[in-house]
Asks: 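Before anything else, here's the structure in question.
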Amino acid sequence: WEPTRAEHDRMQAEVVSAARAAQSARRDLDRATVRGARARDAADLTASRKRLADVVEAEAQINGLRAELALHPVDAGTLREIESASQAAELAAASHAAGSAAVVLRALGGARSLVIDGRRIDLAEGDAWQGALTDPLDIRLPGVLDVELRPEAGAADRARTVQRARDALADRLRAAGVATTDEARASHDRRRDLEADLTGAQARLRVLLDGQSRDDLADRVEVLEARLAASSDEASEPAAESDAGSDAESAAGSALSIAQATEAEAAARERLDVARERAQALGERVESMRVELTRADGLVHAVAEQVAGQESRLESARQARSAQALESAEATAADALGRAQREVDAA
């Protein structure tokens, strides 16, 4: 029993030692877990701040693009209307010119200077000026000749058609906020580029938000800042400013520390489990021995009781035999005495 008790005491000591090692490993793991959580929060905060800044920048870009788009209202449909009106005006003017008389002036006998409808025209010898008589035309050769030409009666109807087409074009240009068809085309091209940029900026904003809102991101930043401040107060460490690179490295280092502490804690727990199993096995052996001793003790008591019974019965038997022998001796003596008496009497 004594070797078993010593073994039991040694097993108990191993269990206590393993339990302490497991507790120490658990504390190391808890500390590493806390450091890892703070490192992850710091990295998350840096990323969230950058994400929020990118969202603000994207929203500002979108607002700027929308403001500039308002300055270029000529979309594809408006441009088609303007170009159609411009072509109608050009066709009306061409039709008017084609149906009107042509005026051709050619300089002869040297260079000539003419004034046509108030505009000075210089012609070298042999050069010509040509125009359609769509409207009244005044031609002056200063100091020599003054000519006034009038179109035919049908020209007035064609002129009114031209004017209506030009008025329609002017109305569309004015509604679009541009002065000419070329300006309308330039505005349309710029709007197309702005719309493409706006589509890209909106897509980037959707990716940045990822189903959240700007307020959600701002709330996330506030929560992380408060949590880091609280954990820094608990650890008596100031929350330091850091960048995304250092935060990522810290988070990675903390993850490695957690993994190592987890392995150490698992190994300590495994040693504790082994020690407990061995102690349990020893306890079971001791308990089995106790049961056997108890059973053996019971057997000893039973045998002792049986022996005592046998001894009692033997004593009773001895006493019974002694009484019978005495009675037999007394009877024998009485017989002998009787014979002796009879012999005496006979003598």
Asks: Indicate yes or no: at least one non-hydrogen side-chain atom of Leu45 is less than 4.5 angstrom from one of Glu225.
Replies: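 The answer is yes, as the side chains (C-beta and beyond) meet within the 4.5 Å cut-off.
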
Asks: Taking it one step at a time, do Ile62 and Gln202 satisfy side chain to side chain contact (heavy atoms under 4.5 Å, CB included)?
Replies: CA-CA 7 Å; Ile62 289 172; Gln202 289 172 333; 3.9 Å; yes

Asks: Should Leu71 and Leu79 be regarded as members of a common hydrophobic cluster, given that ILVMFWY residues are connected when their side-chain heavy atoms come within less than 4.5 Å of each other, either directly or indirectly?
Replies: no

Asks: Within the structure provided, determine whether Arg112 and Asp122 are in side-chain contact (heavy-atom separation under 4.5 Å).
Replies: no

Asks: Between Arg191 (side chain) and His72 (backbone), is there a donor-acceptor pair under 3.5 Å?
Replies: yes

Asks: Which distance, rounded to the nearest 0.5 Å, do you find between the OG of Ser113 and the CG of Leu123?
Replies: 8.0 Å

Asks: Show your working on side chain to side chain contact (heavy atoms under 4.5 Å, CB included) between Arg227 and Arg38 and close with a plain yes or no.
Replies: CA-CA 9 Å; Arg227 196 155 68 196; Arg38 293 187 65 229; over 6 Å; no

Asks: Determine whether Leu108 and Glu125 make a side-chain contact, defined as any pair of heavy atoms from C-beta on separated by less than 4.5 Å.
Replies: no

Asks: Passes side chain to side chain donor-acceptor pair (under 3.5 Å), Arg158 versus Ser95? Steps please.
Replies: CA-CA 8 Å; Arg158 295 195 301 274; Ser95 177; 5.9 Å; no

Asks: Between Arg192 and Asp75, does at least one N-O distance fall below 4.0 Å, as a salt bridge requires?
Replies: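 So Arg192 does not pair with Asp75 through a salt bridge.
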
Asks: Over all heavy atoms of both residues, which pair between Ile82 and Ala176 is shortest? Give the atoms and the distance, please.
Replies: CD1-CB, 3.8 Å

Asks: Would you say the side-chain atoms of Glu183 pair up with the backbone N or O of Ala179, donor to acceptor, closer than 3.5 Å?
Replies: yes

Asks: Below 4.5 Å, heavy atoms only, C-beta onward: do Ile116 and Asp138 meet side chain to side chain?
Replies: no

Asks: So, for Ala107 and Ala124, which heavy atoms are closest and what is the spacing to 0.1 Å?
Replies: CB-O, 3.3 Å

Asks: Can you give me the closest heavy-atom contact between Leu169 and Ser86, atom names plus distance?
Replies: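 Answer, listing the atom of Leu169 first, then Ser86: CD1-N, 3.6 Å.
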
Asks: Say whether Val103 and Val162 are linked into one hydrophobic cluster, either directly or through other cluster members, by side-chain heavy-atom distances under 4.5 angstrom.
Replies: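 No, Val103 and Val162 fall in different hydrophobic clusters.
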
Asks: State whether Arg185 and Glu83 are salt-bridged, where the test is any N-O pair (Lys NZ or Arg NE/NH1/NH2 against Asp/Glu carboxylate O) under 4.0 Å.
Replies: yes

Asks: May I have the step-by-step check of side chain to side chain contact (heavy atoms under 4.5 Å, CB included) for Val147 and Arg140, ending in yes or no?
Replies: CA-CA 6 Å; Val147 179; Arg140 294 176 58 210; over 6 Å; no

Asks: Are Val104 and Ile121 connected in the hydrophobic side-chain network, where two residues link if heavy atoms are under 4.5 Å apart?
Replies: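 Result: no, two separate clusters.
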
Asks: Just checking, any donor-acceptor pair under 3.5 angstrom between side chains of Arg51 and Gln212?
Replies: yes

Asks: So, taking the atom named CG in Leu91 and the one named OG1 in Thr161, what distance separates them when rounded to the nearest 0.5 Å?
Replies: 12.5 Å

Asks: Any side-chain donor-acceptor pair under 3.5 Å between Gln163 and Asp167?
Replies: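 Per modelled atom types, Gln163 and Asp167 side chains form a pair under 3.5 Å.
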
Asks: Kindly indicate whether the side chain of Leu205, heavy atoms from C-beta on, has any atom under 4.5 Å from the side chain of Glu59.
Replies: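 They are in contact (side-chain heavy atoms under 4.5 Å apart), so the answer is yes.
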
Asks: Starting from the C-alpha separation in whole Å, work towards a yes-or-no answer on salt bridge (Lys or Arg N to Asp or Glu O under 4.0 Å) for Asp216 and Arg214.
Replies: CA-CA 5 Å; Asp216 293 335; Arg214 177 177 171 177; over 6 Å; no

Asks: When rounded to the nearest 0.5 angstrom, what is the spacing between CG in Asp171 and CZ in Arg166?
Replies: 14.5 Å

Asks: Which atom pair, heavy atoms only, marks the closest approach of Arg172 to Ala85?
Replies: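 In this case the closest contact between Arg172 and Ala85 is CD-CB, 3.8 Å.
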
Asks: Under a 4.5 Å cut-off applied to non-hydrogen side-chain atoms, are Leu52 and Leu208 in contact?
Replies: no

Asks: State whether the side chain of Ser84 and the backbone N or O of Arg80 hold a donor-acceptor pair below 3.5 Å, judged by distance alone.
Replies: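 No, because the side chain of Ser84 does not come within donor-acceptor range (under 3.5 Å) of the backbone of Arg80.
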
Asks: If you take all heavy atoms of Val115 and Pro142, which pair is closest and at what distance?
Replies: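 The answer is CG2-CG, 4.3 Å.
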
Asks: Step by step, would you call Leu217 with Asp215 a side chain to side chain contact (heavy atoms under 4.5 Å, CB included)?
Replies: CA-CA 5 Å; Leu217 294 179; Asp215 291 340; over 6 Å; no

Asks: At their closest point, which heavy atom of Val74 faces which heavy atom of Ser187, and how far apart are they?
Replies: CG2-OG, 3.7 Å

Asks: Under 4.5 Å between side-chain heavy atoms, hopping through other hydrophobics if needed: is there a path connecting Leu198 to Val207?
Replies: no

